[in-house]
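Take a look at the structure below.
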Amino acid sequence: MRRGIPTWLKILMPIVGIGLPLLLWSFLSYNGLVKDIFLPTPDKVITTGLELFREDDLIKDILASTGRVLGGFIAAALVAIPIGLLMGTFHSMEGLFSPFVSAVRYMPVAAFVPLIIIWAGIEEPAKILIVFMGIVLYNITMIVDGVKAIPDEVLNAAYTLGANRWVLLSKVIFPAALPSIINTLRVNIAGAWNFLVLAELLAASEGLGFRILRSQRYLQTDRVLFCILIIGVIGLTTDYALKRLGMVLTPWAEQGERQS
Amino acid sequence: MVDLSPLPLQSNGSPSQQIVPKLSVHGLSKTFQYQSQPLTVLDNVDIELQANEFICLVGSSGCGKSTLLKIIAGLMSPSEGEVRVEGEAVEGPGSDRGMVFQSYSLFPWLTVAKNVEFGLKLQGMAKKERQERIAYYLDVVGLSRFANALPKQLSGGMKQRAAIARALANEPEVMLMDEPFGALDAQTKEQLQQFMQEIWERTHMTILMVTHDVEEAIFLSHRVYIMDAHPGRIRENLQIPLPEHRELEIKLTPEFLNLKRHITNQLGH
(Lines give C-alpha, C1' and ligand atoms only; values in the text may rest on other atoms or scores of the structure.)
Protein backbone atom coordinates (compact mmCIF):
# COMPACT_ATOMS: atom_id res chain seq x y z
CA MET A 1 0.00 0.00 0.00
CA ARG A 2 1.05 3.57 -0.71
CA ARG A 3 4.03 2.34 -2.64
CA GLY A 4 5.10 4.13 -5.82
CA ILE A 5 3.79 2.70 -9.08
CA PRO A 6 5.63 2.41 -12.42
CA THR A 7 5.32 5.29 -14.88
CA TRP A 8 3.25 3.38 -17.44
CA LEU A 9 0.68 2.59 -14.76
CA LYS A 10 0.72 6.22 -13.63
CA ILE A 11 -0.25 7.26 -17.15
CA LEU A 12 -2.64 4.39 -17.80
CA MET A 13 -4.75 4.67 -14.66
CA PRO A 14 -6.14 8.19 -15.24
CA ILE A 15 -6.87 7.31 -18.87
CA VAL A 16 -8.89 4.30 -17.71
CA GLY A 17 -10.50 6.39 -14.98
CA ILE A 18 -11.78 8.96 -17.43
CA GLY A 19 -12.11 6.62 -20.41
CA LEU A 20 -14.46 4.12 -18.78
CA PRO A 21 -17.25 6.58 -17.90
CA LEU A 22 -16.87 8.14 -21.39
CA LEU A 23 -17.16 4.69 -22.93
CA LEU A 24 -20.26 3.94 -20.88
CA TRP A 25 -21.77 7.30 -21.87
CA SER A 26 -21.08 6.65 -25.59
CA PHE A 27 -22.43 3.12 -25.34
CA LEU A 28 -25.69 4.23 -23.73
CA SER A 29 -26.27 7.27 -25.97
CA TYR A 30 -25.15 6.09 -29.44
CA ASN A 31 -27.11 2.85 -29.12
CA GLY A 32 -30.21 4.80 -28.22
CA LEU A 33 -30.50 2.81 -24.98
CA VAL A 34 -31.19 6.12 -23.27
CA LYS A 35 -33.25 8.74 -25.06
CA ASP A 36 -31.46 11.76 -26.48
CA ILE A 37 -33.44 14.11 -24.28
CA PHE A 38 -32.08 12.41 -21.15
CA LEU A 39 -28.57 11.73 -22.36
CA PRO A 40 -27.35 13.27 -25.63
CA THR A 41 -24.33 11.79 -27.40
CA PRO A 42 -20.85 13.14 -26.58
CA ASP A 43 -20.35 14.69 -30.00
CA LYS A 44 -23.69 16.47 -29.80
CA VAL A 45 -22.71 17.95 -26.45
CA ILE A 46 -19.43 19.19 -27.94
CA THR A 47 -21.03 20.73 -31.07
CA THR A 48 -23.69 22.44 -28.96
CA GLY A 49 -20.95 23.72 -26.70
CA LEU A 50 -18.96 25.20 -29.53
CA GLU A 51 -22.14 26.83 -30.78
CA LEU A 52 -22.64 28.34 -27.35
CA PHE A 53 -19.19 29.90 -27.55
CA ARG A 54 -19.74 31.19 -31.10
CA GLU A 55 -23.28 32.45 -30.93
CA ASP A 56 -24.31 32.78 -27.32
CA ASP A 57 -21.23 34.44 -25.80
CA LEU A 58 -20.54 31.68 -23.29
CA ILE A 59 -17.24 33.40 -22.38
CA LYS A 60 -19.27 36.14 -20.72
CA ASP A 61 -21.03 33.55 -18.55
CA ILE A 62 -17.78 31.86 -17.67
CA LEU A 63 -16.23 35.18 -16.62
CA ALA A 64 -19.31 36.18 -14.63
CA SER A 65 -19.38 32.89 -12.72
CA THR A 66 -15.63 32.72 -12.19
CA GLY A 67 -15.70 36.28 -10.86
CA ARG A 68 -18.42 35.42 -8.33
CA VAL A 69 -16.63 32.27 -7.22
CA LEU A 70 -13.32 34.07 -6.86
CA GLY A 71 -14.96 36.97 -5.01
CA GLY A 72 -16.60 34.69 -2.46
CA PHE A 73 -13.57 32.43 -2.25
CA ILE A 74 -11.07 35.23 -1.63
CA ALA A 75 -13.32 36.93 0.92
CA ALA A 76 -13.81 33.60 2.71
CA ALA A 77 -10.04 33.01 2.76
CA LEU A 78 -9.30 36.52 4.07
CA VAL A 79 -11.80 36.11 6.89
CA ALA A 80 -11.07 32.47 7.72
CA ILE A 81 -7.25 32.55 7.82
CA PRO A 82 -6.87 35.05 10.70
CA ILE A 83 -9.84 33.68 12.63
CA GLY A 84 -8.67 30.10 12.14
CA LEU A 85 -5.14 30.96 13.27
CA LEU A 86 -6.41 32.75 16.37
CA MET A 87 -8.88 30.00 17.27
CA GLY A 88 -6.28 27.31 16.83
CA THR A 89 -3.75 29.20 18.93
CA PHE A 90 -5.67 30.77 21.82
CA HIS A 91 -8.22 28.94 23.93
CA SER A 92 -9.88 32.27 24.62
CA MET A 93 -10.43 32.89 20.91
CA GLU A 94 -11.72 29.37 20.45
CA GLY A 95 -14.13 29.94 23.30
CA LEU A 96 -15.26 33.16 21.65
CA PHE A 97 -15.82 31.92 18.09
CA SER A 98 -16.39 28.21 18.42
CA PRO A 99 -20.08 28.18 19.54
CA PHE A 100 -21.03 30.47 16.66
CA VAL A 101 -18.97 28.60 14.07
CA SER A 102 -20.19 25.17 15.13
CA ALA A 103 -23.84 26.16 15.28
CA VAL A 104 -23.98 28.11 12.03
CA ARG A 105 -22.02 25.43 10.19
CA TYR A 106 -25.04 23.14 10.53
CA MET A 107 -27.47 25.69 9.16
CA PRO A 108 -27.92 25.17 5.42
CA VAL A 109 -26.87 28.18 3.40
CA ALA A 110 -29.86 27.59 1.10
CA ALA A 111 -32.08 28.44 4.06
CA PHE A 112 -30.36 31.79 4.36
CA VAL A 113 -31.04 32.75 0.75
CA PRO A 114 -34.34 34.54 1.47
CA LEU A 115 -32.64 36.49 4.25
CA ILE A 116 -29.71 37.32 2.01
CA ILE A 117 -32.09 38.73 -0.55
CA ILE A 118 -33.59 40.99 2.10
CA TRP A 119 -30.14 42.02 3.35
CA ALA A 120 -28.18 42.34 0.16
CA GLY A 121 -30.72 42.41 -2.65
CA ILE A 122 -30.40 40.26 -5.73
CA GLU A 123 -27.38 41.83 -7.38
CA GLU A 124 -23.74 40.72 -7.41
CA PRO A 125 -23.04 41.30 -3.67
CA ALA A 126 -25.81 38.85 -2.77
CA LYS A 127 -24.34 36.14 -5.00
CA ILE A 128 -20.84 36.64 -3.66
CA LEU A 129 -22.23 36.59 -0.13
CA ILE A 130 -23.84 33.19 -0.75
CA VAL A 131 -20.57 31.71 -2.00
CA PHE A 132 -18.75 33.32 0.93
CA MET A 133 -21.20 31.98 3.54
CA GLY A 134 -21.11 28.57 1.95
CA ILE A 135 -17.42 28.00 2.52
CA VAL A 136 -16.12 30.38 5.18
CA LEU A 137 -17.06 28.20 8.14
CA TYR A 138 -15.54 25.08 6.58
CA ASN A 139 -12.38 27.08 5.96
CA ILE A 140 -12.26 28.13 9.61
CA THR A 141 -12.87 24.64 10.99
CA MET A 142 -10.21 23.07 8.78
CA ILE A 143 -7.62 25.77 9.45
CA VAL A 144 -8.17 25.40 13.21
CA ASP A 145 -7.45 21.67 12.87
CA GLY A 146 -4.31 22.47 10.87
CA VAL A 147 -3.05 24.86 13.55
CA LYS A 148 -3.75 22.35 16.31
CA ALA A 149 -1.73 19.73 14.45
CA ILE A 150 1.46 21.80 14.86
CA PRO A 151 3.61 19.85 17.36
CA ASP A 152 3.88 21.49 20.80
CA GLU A 153 7.64 21.08 20.65
CA VAL A 154 7.89 23.46 17.67
CA LEU A 155 6.04 26.16 19.65
CA ASN A 156 8.00 25.46 22.82
CA ALA A 157 11.28 25.64 20.91
CA ALA A 158 10.30 29.10 19.64
CA TYR A 159 9.48 30.23 23.18
CA THR A 160 12.83 29.05 24.52
CA LEU A 161 14.57 30.95 21.70
CA GLY A 162 13.00 34.15 22.99
CA ALA A 163 9.79 34.41 20.97
CA ASN A 164 6.82 36.32 22.35
CA ARG A 165 3.20 35.62 21.39
CA TRP A 166 3.19 37.85 18.36
CA VAL A 167 6.42 36.36 17.00
CA LEU A 168 5.00 32.92 17.68
CA LEU A 169 1.85 33.66 15.70
CA SER A 170 3.47 35.40 12.74
CA LYS A 171 6.83 33.65 12.46
CA VAL A 172 5.97 30.14 13.66
CA ILE A 173 2.28 29.27 13.64
CA PHE A 174 1.48 30.94 10.32
CA PRO A 175 4.31 29.35 8.31
CA ALA A 176 3.80 26.00 10.07
CA ALA A 177 0.09 26.02 9.19
CA LEU A 178 0.56 27.27 5.62
CA PRO A 179 0.51 23.84 3.94
CA SER A 180 -2.77 22.95 5.65
CA ILE A 181 -4.20 26.40 4.87
CA ILE A 182 -3.48 25.94 1.17
CA ASN A 183 -4.96 22.45 1.35
CA THR A 184 -8.09 23.80 2.98
CA LEU A 185 -8.52 26.40 0.26
CA ARG A 186 -8.04 23.72 -2.39
CA VAL A 187 -10.74 21.53 -0.91
CA ASN A 188 -13.18 24.36 -0.41
CA ILE A 189 -12.94 26.04 -3.80
CA ALA A 190 -14.89 23.02 -5.06
CA GLY A 191 -17.57 23.92 -2.51
CA ALA A 192 -17.55 27.47 -3.82
CA TRP A 193 -18.76 26.23 -7.22
CA ASN A 194 -21.59 24.33 -5.51
CA PHE A 195 -22.83 27.48 -3.88
CA LEU A 196 -22.40 29.45 -7.09
CA VAL A 197 -25.16 27.44 -8.76
CA LEU A 198 -27.35 28.15 -5.75
CA ALA A 199 -26.47 31.85 -5.97
CA GLU A 200 -27.35 32.02 -9.66
CA LEU A 201 -30.83 30.73 -8.86
CA LEU A 202 -31.38 34.33 -7.80
CA ALA A 203 -32.35 36.68 -10.56
CA ALA A 204 -29.18 36.20 -12.56
CA SER A 205 -28.99 37.09 -16.21
CA GLU A 206 -25.69 35.44 -16.94
CA GLY A 207 -23.38 32.80 -15.54
CA LEU A 208 -22.87 29.07 -15.90
CA GLY A 209 -25.33 28.17 -13.17
CA PHE A 210 -27.90 30.45 -14.73
CA ARG A 211 -27.28 28.76 -18.13
CA ILE A 212 -27.73 25.32 -16.64
CA LEU A 213 -31.01 26.24 -14.99
CA ARG A 214 -32.40 27.92 -18.09
CA SER A 215 -31.34 25.09 -20.39
CA GLN A 216 -33.03 22.63 -18.07
CA ARG A 217 -36.27 24.55 -18.45
CA TYR A 218 -36.12 24.02 -22.24
CA LEU A 219 -34.95 20.41 -21.87
CA GLN A 220 -31.65 21.28 -23.55
CA THR A 221 -29.77 18.43 -21.89
CA ASP A 222 -26.76 18.87 -24.18
CA ARG A 223 -26.27 22.45 -23.02
CA VAL A 224 -26.67 21.44 -19.37
CA LEU A 225 -24.01 18.77 -19.77
CA PHE A 226 -21.63 21.10 -21.58
CA CYS A 227 -21.86 23.79 -18.89
CA ILE A 228 -21.29 21.20 -16.19
CA LEU A 229 -18.21 20.00 -18.07
CA ILE A 230 -16.93 23.58 -18.27
CA ILE A 231 -17.26 23.93 -14.49
CA GLY A 232 -15.33 20.69 -14.16
CA VAL A 233 -12.51 21.98 -16.37
CA ILE A 234 -12.32 25.28 -14.47
CA GLY A 235 -12.31 23.34 -11.21
CA LEU A 236 -9.44 21.11 -12.34
CA THR A 237 -7.46 24.17 -13.45
CA THR A 238 -7.87 26.01 -10.14
CA ASP A 239 -7.09 22.81 -8.24
CA TYR A 240 -3.87 22.43 -10.19
CA ALA A 241 -3.02 26.11 -9.72
CA LEU A 242 -3.49 25.88 -5.94
CA LYS A 243 -1.44 22.69 -5.85
CA ARG A 244 1.40 24.46 -7.69
CA LEU A 245 1.05 27.40 -5.32
CA GLY A 246 1.47 24.98 -2.43
CA MET A 247 4.63 23.54 -3.96
CA VAL A 248 6.07 27.01 -4.60
CA LEU A 249 5.18 28.50 -1.20
CA THR A 250 5.85 25.44 0.97
CA PRO A 251 8.51 23.34 -0.75
CA TRP A 252 9.56 22.18 2.70
CA ALA A 253 6.31 20.35 3.49
CA GLU A 254 6.47 16.58 3.83
CA GLN A 255 4.52 14.42 1.41
CA GLY A 256 1.74 13.64 3.85
CA GLU A 257 1.04 17.27 4.67
CA ARG A 258 0.35 18.08 1.05
CA GLN A 259 -2.35 15.78 -0.23
CA SER A 260 -2.52 15.15 -3.94
CA MET B 1 36.81 2.16 45.35
CA VAL B 2 34.48 4.87 44.28
CA ASP B 3 32.87 6.80 47.06
CA LEU B 4 29.14 6.44 46.57
CA SER B 5 27.91 8.29 49.59
CA PRO B 6 25.38 10.96 48.70
CA LEU B 7 26.56 14.52 48.60
CA PRO B 8 24.77 17.27 50.45
CA LEU B 9 22.31 19.10 48.23
CA GLN B 10 24.00 22.41 48.92
CA SER B 11 26.46 23.78 46.38
CA ASN B 12 30.19 23.40 46.81
CA GLY B 13 30.85 27.14 46.91
CA SER B 14 33.39 28.17 49.51
CA PRO B 15 31.69 29.46 52.66
CA SER B 16 33.60 32.74 52.74
CA GLN B 17 32.63 33.77 49.20
CA GLN B 18 29.09 32.74 48.33
CA ILE B 19 28.95 31.76 44.65
CA VAL B 20 25.59 32.37 43.05
CA PRO B 21 24.62 29.20 41.18
CA LYS B 22 23.90 29.48 37.45
CA LEU B 23 20.59 27.73 37.92
CA SER B 24 18.77 26.84 41.09
CA VAL B 25 15.41 25.32 41.84
CA HIS B 26 14.00 25.74 45.35
CA GLY B 27 11.17 23.79 46.96
CA LEU B 28 9.54 23.14 43.63
CA SER B 29 6.30 21.14 43.58
CA LYS B 30 3.81 20.44 40.84
CA THR B 31 0.34 19.05 41.36
CA PHE B 32 -2.06 18.16 38.57
CA GLN B 33 -5.76 17.49 38.81
CA TYR B 34 -6.22 13.91 37.66
CA GLN B 35 -9.79 12.56 37.61
CA SER B 36 -10.67 15.29 40.09
CA GLN B 37 -7.98 14.03 42.48
CA PRO B 38 -4.85 16.05 43.12
CA LEU B 39 -1.83 14.17 41.74
CA THR B 40 1.58 15.27 42.97
CA VAL B 41 4.08 14.90 40.17
CA LEU B 42 6.97 16.81 41.72
CA ASP B 43 7.44 17.09 45.45
CA ASN B 44 9.74 19.69 46.96
CA VAL B 45 12.54 19.46 44.43
CA ASP B 46 15.81 21.31 45.03
CA ILE B 47 18.60 21.37 42.48
CA GLU B 48 21.57 23.60 41.75
CA LEU B 49 23.91 23.94 38.81
CA GLN B 50 27.17 25.84 39.03
CA ALA B 51 28.57 27.57 35.97
CA ASN B 52 30.08 25.17 33.41
CA GLU B 53 28.61 22.07 35.01
CA PHE B 54 27.15 19.27 32.92
CA ILE B 55 24.44 17.66 35.03
CA CYS B 56 22.07 14.82 34.20
CA LEU B 57 18.75 14.07 35.86
CA VAL B 58 17.96 10.37 35.69
CA GLY B 59 14.71 8.76 36.61
CA SER B 60 12.37 6.05 35.44
CA SER B 61 9.64 7.09 33.05
CA GLY B 62 6.81 8.98 34.71
CA CYS B 63 8.97 10.39 37.50
CA GLY B 64 8.23 13.93 36.39
CA LYS B 65 11.71 14.75 35.10
CA SER B 66 10.39 16.18 31.82
CA THR B 67 7.82 18.20 33.76
CA LEU B 68 10.63 19.57 35.91
CA LEU B 69 12.60 20.60 32.81
CA LYS B 70 9.52 22.27 31.29
CA ILE B 71 8.98 24.23 34.50
CA ILE B 72 12.62 25.34 34.51
CA ALA B 73 12.25 26.42 30.88
CA GLY B 74 9.16 28.42 31.88
CA LEU B 75 6.86 26.44 29.60
CA MET B 76 4.82 25.33 32.60
CA SER B 77 4.29 27.01 35.95
CA PRO B 78 5.06 25.29 39.25
CA SER B 79 2.45 24.82 41.96
CA GLU B 80 5.02 25.85 44.54
CA GLY B 81 8.65 26.89 44.62
CA GLU B 82 10.78 28.91 42.26
CA VAL B 83 13.42 28.78 39.57
CA ARG B 84 16.38 31.16 39.64
CA VAL B 85 18.90 31.92 36.93
CA GLU B 86 21.99 33.59 38.35
CA GLY B 87 20.03 34.36 41.48
CA GLU B 88 17.16 36.07 39.65
CA ALA B 89 13.75 34.41 39.87
CA VAL B 90 12.33 33.70 36.42
CA GLU B 91 8.76 33.46 35.24
CA GLY B 92 7.82 32.28 31.79
CA PRO B 93 10.12 31.21 29.01
CA GLY B 94 13.17 33.23 27.98
CA SER B 95 16.25 33.01 25.82
CA ASP B 96 18.45 32.69 28.94
CA ARG B 97 17.33 29.05 29.12
CA GLY B 98 17.83 27.32 25.78
CA MET B 99 16.20 23.97 25.24
CA VAL B 100 16.70 20.92 23.06
CA PHE B 101 13.72 18.60 22.71
CA GLN B 102 13.45 14.91 21.96
CA SER B 103 12.27 15.44 18.39
CA TYR B 104 10.23 17.51 15.92
CA SER B 105 11.46 20.83 17.21
CA LEU B 106 13.27 22.22 14.15
CA PHE B 107 11.22 24.64 12.07
CA PRO B 108 10.64 22.57 8.93
CA TRP B 109 10.11 25.62 6.69
CA LEU B 110 13.53 27.08 7.49
CA THR B 111 16.93 25.85 6.34
CA VAL B 112 19.41 24.68 8.95
CA ALA B 113 21.16 28.08 8.90
CA LYS B 114 17.85 29.97 9.20
CA ASN B 115 16.82 27.73 12.08
CA VAL B 116 20.02 28.71 13.89
CA GLU B 117 19.40 32.35 12.98
CA PHE B 118 15.86 32.39 14.43
CA GLY B 119 16.84 33.23 18.00
CA LEU B 120 19.63 35.60 16.92
CA LYS B 121 17.16 37.70 14.93
CA LEU B 122 14.89 37.90 17.97
CA GLN B 123 17.85 39.24 19.94
CA GLY B 124 18.13 42.00 17.34
CA MET B 125 21.66 40.99 16.36
CA ALA B 126 23.19 42.67 13.29
CA LYS B 127 23.32 40.60 10.11
CA LYS B 128 27.09 40.30 9.94
CA GLU B 129 27.34 39.11 13.51
CA ARG B 130 24.48 36.66 12.93
CA GLN B 131 26.25 35.13 9.97
CA GLU B 132 29.47 34.74 11.93
CA ARG B 133 27.63 33.03 14.77
CA ILE B 134 25.76 30.71 12.44
CA ALA B 135 28.99 29.73 10.70
CA TYR B 136 30.73 29.17 14.02
CA TYR B 137 28.06 26.97 15.58
CA LEU B 138 27.36 24.99 12.43
CA ASP B 139 31.06 24.25 12.42
CA VAL B 140 30.90 23.23 16.09
CA VAL B 141 28.19 20.67 15.34
CA GLY B 142 29.74 19.65 12.02
CA LEU B 143 26.86 20.75 9.80
CA SER B 144 28.55 23.53 7.81
CA ARG B 145 27.97 21.64 4.58
CA PHE B 146 24.24 21.41 5.34
CA ALA B 147 23.65 25.09 6.11
CA ASN B 148 21.17 25.42 3.27
CA ALA B 149 19.49 22.03 3.67
CA LEU B 150 15.91 21.73 4.88
CA PRO B 151 15.25 19.66 8.02
CA LYS B 152 13.42 17.01 6.01
CA GLN B 153 16.65 16.33 4.12
CA LEU B 154 18.55 15.49 7.33
CA SER B 155 18.87 12.21 9.22
CA GLY B 156 17.57 11.98 12.80
CA GLY B 157 21.03 12.47 14.29
CA MET B 158 21.75 15.47 12.08
CA LYS B 159 18.41 17.05 13.03
CA GLN B 160 19.35 16.83 16.70
CA ARG B 161 22.77 18.32 15.98
CA ALA B 162 21.05 21.21 14.18
CA ALA B 163 18.68 21.69 17.13
CA ILE B 164 21.67 21.73 19.47
CA ALA B 165 23.44 24.32 17.28
CA ARG B 166 20.30 26.47 17.34
CA ALA B 167 20.14 26.35 21.15
CA LEU B 168 23.90 26.95 21.53
CA ALA B 169 23.99 29.87 19.09
CA ASN B 170 21.65 31.83 21.33
CA GLU B 171 24.35 31.49 24.01
CA PRO B 172 21.91 30.94 26.87
CA GLU B 173 22.96 30.90 30.51
CA VAL B 174 21.83 27.30 30.80
CA MET B 175 21.03 24.70 28.18
CA LEU B 176 18.20 22.31 29.01
CA MET B 177 18.03 19.01 27.15
CA ASP B 178 14.95 16.77 27.33
CA GLU B 179 15.99 13.23 26.36
CA PRO B 180 17.63 14.64 23.25
CA PHE B 181 18.85 11.26 22.01
CA GLY B 182 15.83 9.23 23.14
CA ALA B 183 14.40 8.82 19.64
CA LEU B 184 17.68 7.75 18.00
CA ASP B 185 19.08 4.29 17.29
CA ALA B 186 21.78 2.92 19.60
CA GLN B 187 24.71 3.70 17.29
CA THR B 188 23.70 7.30 16.52
CA LYS B 189 23.02 7.77 20.20
CA GLU B 190 26.58 6.82 21.18
CA GLN B 191 27.97 9.06 18.45
CA LEU B 192 25.96 11.97 19.78
CA GLN B 193 27.01 11.26 23.36
CA GLN B 194 30.61 11.59 22.27
CA PHE B 195 29.62 14.66 20.28
CA MET B 196 28.02 16.24 23.38
CA GLN B 197 31.20 15.59 25.32
CA GLU B 198 33.16 17.46 22.64
CA ILE B 199 30.61 20.28 22.59
CA TRP B 200 31.00 20.75 26.29
CA GLU B 201 34.79 20.71 26.04
CA ARG B 202 34.61 23.42 23.38
CA THR B 203 31.96 25.66 24.93
CA HIS B 204 31.86 24.84 28.66
CA MET B 205 28.13 25.51 28.49
CA THR B 206 26.14 24.89 31.68
CA ILE B 207 23.92 21.96 30.77
CA LEU B 208 21.03 20.21 32.50
CA MET B 209 20.00 17.08 30.66
CA VAL B 210 17.13 14.76 31.43
CA THR B 211 17.50 11.11 30.48
CA HIS B 212 16.35 7.66 31.50
CA ASP B 213 19.55 6.15 30.10
CA VAL B 214 21.85 5.54 33.08
CA GLU B 215 24.97 4.97 30.95
CA GLU B 216 24.36 8.19 29.07
CA ALA B 217 24.00 10.10 32.33
CA ILE B 218 27.25 8.75 33.80
CA PHE B 219 29.19 9.16 30.57
CA LEU B 220 28.25 12.81 30.13
CA SER B 221 27.85 14.32 33.58
CA HIS B 222 29.94 15.73 36.33
CA ARG B 223 27.07 15.10 38.71
CA VAL B 224 23.87 13.10 38.45
CA TYR B 225 20.58 13.78 40.19
CA ILE B 226 18.71 10.53 40.71
CA MET B 227 14.94 10.93 40.88
CA ASP B 228 12.26 8.88 42.62
CA ALA B 229 8.88 8.50 41.00
CA HIS B 230 5.33 8.97 42.37
CA PRO B 231 5.86 11.60 43.55
CA GLY B 232 8.97 12.88 41.79
CA ARG B 233 11.65 13.66 44.36
CA ILE B 234 15.41 14.02 44.26
CA ARG B 235 16.68 10.80 45.79
CA GLU B 236 20.38 11.42 45.49
CA ASN B 237 22.89 13.95 44.26
CA LEU B 238 25.78 11.86 43.01
CA GLN B 239 29.21 13.17 42.03
CA ILE B 240 30.72 11.31 39.06
CA PRO B 241 34.40 10.97 39.94
CA LEU B 242 35.58 10.14 36.43
CA PRO B 243 38.19 12.11 34.48
CA GLU B 244 36.78 15.15 32.73
CA HIS B 245 37.63 13.90 29.25
CA ARG B 246 36.04 10.53 28.52
CA GLU B 247 36.10 8.10 25.63
CA LEU B 248 33.36 5.58 24.96
CA GLU B 249 35.63 2.77 26.29
CA ILE B 250 35.20 4.22 29.76
CA LYS B 251 31.77 2.57 29.81
CA LEU B 252 33.56 -0.78 30.28
CA THR B 253 35.75 0.23 33.25
CA PRO B 254 34.96 -1.09 36.77
CA GLU B 255 34.45 2.46 38.11
CA PHE B 256 31.85 3.16 35.46
CA LEU B 257 30.10 -0.15 36.01
CA ASN B 258 30.03 0.42 39.78
CA LEU B 259 28.38 3.76 39.28
CA LYS B 260 25.93 2.22 36.86
CA ARG B 261 25.06 -0.56 39.30
CA HIS B 262 24.57 1.95 42.09
CA ILE B 263 22.27 4.22 40.08
CA THR B 264 20.29 1.31 38.68
CA ASN B 265 19.76 -0.01 42.21
CA GLN B 266 18.65 3.40 43.39
CA LEU B 267 16.16 3.69 40.55
CA GLY B 268 14.78 0.22 41.14
CA HIS B 269 14.86 0.42 44.95
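Per chain, numbering begins at 1; letters A, B, ... match sequence-line order.
Contacts with chain A were tallied for B/Gly74, B/Ala73, B/Ser105; B/Ser105 has the most, counting heavy-atom pairs under 4.5 Å. Between chain A and the residues B/Ser103, B/Gly92, B/Ala169, B/Gly98, the largest count of heavy-atom pairs under 4.5 Å involves B/Ser103. Comparing B/Leu176, B/Leu110, B/Leu150 by heavy-atom pairs within less than 4.5 Å of chain A, the highest count is held by B/Leu150.
Shortest non-hydrogen contact noted between A/Glu153 and B/Gln102 is OE2-N, 3.9 Å. Taking all atoms of both residues into account, the shortest heavy-atom contact from B/Arg166 to A/Ala157 is NH2-CB, 3.4 Å. Nearest heavy-atom pair, A/Leu161 versus B/Asn170, reported as atom, atom and distance to 0.1 Å: O-ND2, 3.3 Å. When all heavy atoms are compared, the tightest approach of B/Pro108 to A/Trp252 is O-CB, 3.1 Å.
The number of heavy-atom neighbours closer than 6.0 Å to CD of B/Gln33, taken from other residues, nucleotides and ligands shown, is above 12. Shown here is B/Lys189, whose NZ atom has more than 12 heavy atoms of other residues, nucleotides or ligands within 6.0 Å. Heavy-atom contacts from other residues, nucleotides or ligands closer than 6.0 Å to CZ of A/Phe90 number more than 12. Remark: B/Glu82 CD is packed, more than 12 non-hydrogen atoms of other residues, nucleotides or ligands lying under 6.0 Å away. Within a 6.0 Å radius of CZ in A/Phe100, no more than 12 heavy atoms belonging to other residues, nucleotides or ligands are found. Environment of CZ in B/Arg202: crowded, with over 12 heavy atoms of neighbouring residues, nucleotides or ligands closer than 6.0 Å.
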Report the C-alpha distance between A/Val154 and B/Phe107 in whole Å, list the side-chain angles of each, state the deciding distance to 0.1 Å, and finish with yes or no for side chain to side chain contact (heavy atoms under 4.5 Å, CB included).
-> CA-CA 7 Å; A/Val154 168; B/Phe107 304 130; 3.7 Å; yes
Evaluation steps, side chain to side chain contact (heavy atoms under 4.5 Å, CB included), between A/Lys171 and B/Leu122 | CA-CA 11 Å; A/Lys171 296 272 164 58; B/Leu122 294 180; 6.0 Å; no
Please lay out, stage by stage, how B/Phe118 and A/Val172 fare under the test side chain to side chain contact (heavy atoms under 4.5 Å, CB included).
-> CA-CA 10 Å; B/Phe118 188 88; A/Val172 181; 3.7 Å; yes
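Contact of the B/Trp109 side chain with the A/Thr250 side chain is not registered, since no non-hydrogen atoms from C-beta on lie closer than 4.5 Å. Side chains of A/Tyr159 and B/Leu75 form a contact here, defined as non-hydrogen atoms less than 4.5 Å apart.
With a threshold of 4.5 angstrom between heavy atoms, A/Val167 approaches chain B through side-chain atoms but not through N, CA, C or O.
In this structure, the separation between OG1 on A/Thr160 and CG on B/Asp96 is 10.5 Å, given to the nearest 0.5 Å.
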